[in-house]
Protein chains: 2
Amino acid sequence: MSVGRTPATMTEIAAALGVSSATVSNALSGKGRVSAELSAKIRQAAEELGYVPSHAARALRTGRTGVIGLVLPDISNPLFPQIAQAIEQAAASAGFGVLIADSRGEIAQQTAAIGRLIERGVDGMIVVPRRGSRIADIGTPVAIIDSPSTPGNTVSSDHWEGGVQMGRHLASLGHRKVLLIAHSRESNVQNDRIGGLKAGLGKDVCCETLWVGDLEASQGVGCALGLSARVADGFTGFAAVYDLLALRALTELQRDGIDVPLQASVSGFDDLVWSSVVMPPITTLRQDLATIAECAVEALGHAIGNGEAAAGSMIAARPDCDGVPMKLVIRQSTGPTMHSVVAAAAHARKDGR
Amino acid sequence: MSVGRTPATMTEIAAALGVSSATVSNALSGKGRVSAELSAKIRQAAEELGYVPSHAARALRTGRTGVIGLVLPDISNPLFPQIAQAIEQAAASAGFGVLIADSRGEIAQQTAAIGRLIERGVDGMIVVPRRGSRIADIGTPVAIIDSPSTPGNTVSSDHWEGGVQMGRHLASLGHRKVLLIAHSRESNVQNDRIGGLKAGLGKDVCCETLWVGDLEASQGVGCALGLSARVADGFTGFAAVYDLLALRALTELQRDGIDVPLQASVSGFDDLVWSSVVMPPITTLRQDLATIAECAVEALGHAIGNGEAAAGSMIAARPDCDGVPMKLVIRQSTGPTMHSVVAAAAHARKDGR
DNA sequence: TATAGTTGGTTAAACGATTAATCATCTTGG
DNA sequence: CCAAGATGATTAATCGTTTAACCAACTATA
């Protein structure tokens, strides 16, 4: 199945055709001046001999490896697969390989991971920073995927506007008392989402934020969120800032015998794999990671091409990258409140229908 | 924060100390014959000048890139983060970088991805094959992570034995009618788990297998599993072959007002991130991915060292890799059946306690 | 008919590390 | 005191591409 052992080199092609290796290089890269016919012959010979360019030699000569690094705060983050997939795809079609580095959530590891990537000679890096951390200026082009409020070459979803969408959705369903569920106050992304949610819900809606991180600090990780008490208090909407929290909320409510969405609506962010699979499927906001990945890779590509362009201006090239819109995916975990159903029924009755 | 621009080369170190570059190379690699004192001086100079070895040059000369490829059937598989993390860690400590390639579930893409990795000159690859696919013999060392029943250089968890553990656990809780929930008949892993479950449950337990893939083929993806009807039929145990299915089962049961674990027990495999977070947390089996990753990387390392050792014997080096044991994690989604609780109570009464 | 400008190609020098081959010295044993 | 061996370091070739510099031959220009 596999062809001959050592893949042919340019020199071998050159020897086979009786030309110089420089000409082969020029023909294959289309750079120098080579007659059309010779160029065609060379191309054909390369094909026949099974020529495979040596990335190592090219890297040595040009100083470019054609590899970008992907630094993740914590690979086990459930959103990571989607990010990695999107980036791998975007990078592959731009001719880059993707080297991964995991920082296991620790800031020291993040620095170490970045160092390893640099030693391996990556041409640039895409970093999803650990919550609250900033990336020091390293001598390599970097694109950051985080929230738009992070300074630097950031490309990101418009988390705020996503929050607004969800807030409006919940408000329009008649919810007037909504619990916002977040984890960490340090996360730019979470703060943006919370802000957007509040804005979208509007002034008529009473909302409160539950910081699960604080709760866990006192009651231990994995503790109950105490949501049924909230339902008793009149809360009908539970808007989590990411799907894992939404799932936690959903199952806790269901375990306590509260019907979703009849008695309470639950929503999340990110559209993780399970969100569409649980019962009821979760209403959530999907990030356009393909676009984000393309932006990041493209920006890196430019920066690399220009030989480390000014850091601040990297992303600016593509205006649609500043806040990539999120898409509201409405499923069965959100629905009208009982109150609004009753009101609608009354309204219908009054209309005589 | 970052040091001077172009990192020093061996030649520069040599020039600074007035020795030859070969000596520097020997001192740093500890290979040739260099006096202890000179060696120390060189090492120090390297440190001071901020020497960073050029991977490209080394790769060109030695033919080794120090990079291994990780080919995944579908990056968006929720187990992937754990696998990637484990492999990245094992590879990093063995001095390898990890280049990722996603095959998006398609067999053609898998081949293409492998091709790209080879072109980039990876020294070896770790492949998590798409269900039911076999890896053709490429001219590069390969380690496969799948089920032990896959022929070749496979390292894997002992899925069968894991199934046995879970089967015994459920049987010991008194379950006598258990529904096994799997997705695809083509998956070796799933088949192993199913087999183990049946063996562990023993002959006294009536069990049936629900193939969700078949169900979805007729009723559409994301359809209901119809589990409450099963409960009505007397099923008390629901053993899924992976956590996503378990989650699906759990939420469906809860939505239908069935109490878990009082009326039905639910179990999964893999201990994904949400399993410990939902209410009730899910009883599952955790794979020892760290060990698996170490085995795979170590095996690759040997094969690479020997210059493509005979494929079949790669893994054999480390005997504990054939079937890495899984760890049963008992949480609150499984519990004794009502029947057994009643029986125990009766038993206690009869004992006069 | 010289001269300048193209066109199509070759030469040779990098890039940075590795490594076999070689060469001085310095020890030692006989 | 001399040949043989050990020790410590140097030389130079090599990996496969790229690329600046150069060159020959041909075409158009004055």
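Only this structure's heavy atoms are used, side chains among them; waters, hydrogens and symmetry mates stay out. A note on names: the letters A, B, ... follow the listed sequences, proteins ahead of strands, and every chain is numbered from 1.
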* Structure fact -> From CE of B:Met10 across to P of C:dT19 the rounded distance in Å is 10 Å
* Distance check: side-chain N/O of A:Lys31 vs OP1/OP2 of D:dT19, anything under 4.0 Å? -> yes
* To do: Establish, with yes or no, whether the OP1 or OP2 oxygen of D:dG16 is under 4.0 angstrom from a side-chain nitrogen or oxygen of A:Thr11.
  => no
* Give A:Thr9 one of three labels, base, sugar-phosphate or nothing, depending on what nucleic acid heavy atoms sit under 4.0 Å from its own. => sugar-phosphate
* Asked: Do the side-chain N or O atoms of A:Ser20 get closer than 4.0 angstrom to the phosphate oxygens (OP1, OP2) of C:dT10?
  -> yes
* Phosphate OP1/OP2 of C:dT10: any A:Thr23 side-chain N/O under 4.0 Å -> yes
* To do: Remember a base hit wins even if backbone is also touched, and classify A:Ser25 as base, sugar-phosphate or nothing at under 4.0 Å, heavy atoms.
  => base
* Closest-nucleotide 5' rank along DNA chain D - winner of A:Ala56 and B:Gly18 -> B:Gly18
* Asked: Can you name the one residue among A:Thr154, A:Val189, A:Val155 that meets side-chain contact (heavy atoms from CB on, under 4.5 Å) with A:Ile145?
  -> A:Val155
* Asked: Among C:dG9, D:dG16, C:dT10, which is the nearest nucleotide to the side chain of A:Val34?
  -> C:dG9
* Give A:Val19 one of three labels, base, sugar-phosphate or nothing, depending on what nucleic acid heavy atoms sit under 4.0 Å from its own. => sugar-phosphate
* Rounded distance in Å - CZ (A:Arg64) to P (D:dT17) -> 18 Å
* **Gap between atoms CG and P, on B:Leu28 and C:dT18 respectively (whole Å)** => 8 Å
* Report the distance from atom NE2 of B:His55 to atom C1' of C:dT18, rounded to the nearest whole Å. => 14 Å
* Structure fact -> Rounded to whole Å, the CD-C1' distance (A:Glu119 to C:dG16) equals 15 Å
* **Per A:Asn26 side chain, nearest of listed nucleotides D:dT19, D:dT14, D:dG16** => D:dT19
* Any chance you could measure B:Leu17, atom CG, to B:Thr23, atom OG1, to the nearest 0.5 Å? => 10.0 Å
* Is it the case that A:Arg43 and A:Ser39 place a side-chain donor and acceptor less than 3.5 Å from each other? -> yes
* Residue A:Leu60, side-chain atoms from C-beta onward, closest of C:dA17, D:dG16, C:dT18 -> D:dG16
* Asked: Out of D:dA9, C:dT18, D:dG16, which has the shortest distance to the side chain of B:Arg33?
  -> D:dA9
* **Between A:Gln44 and A:Glu48, a side-chain donor and acceptor under 3.5 Å** => yes
* Check the distance between C:dG9's P and A:Leu17's CG and give it to me in whole angstrom. => 11 Å
* Answer with base, sugar-phosphate or nothing: what part of the nucleic acid does A:Ser35 contact at a heavy-atom distance below 4.0 Å? => sugar-phosphate
* Asked: Side chains of B:Val122 and B:Ile68: closer than 4.5 Å at any heavy-atom pair?
  -> no
* Separation of atom CZ in B:Arg61 from atom C1' in D:dA13, rounded to whole Å -> 8 Å
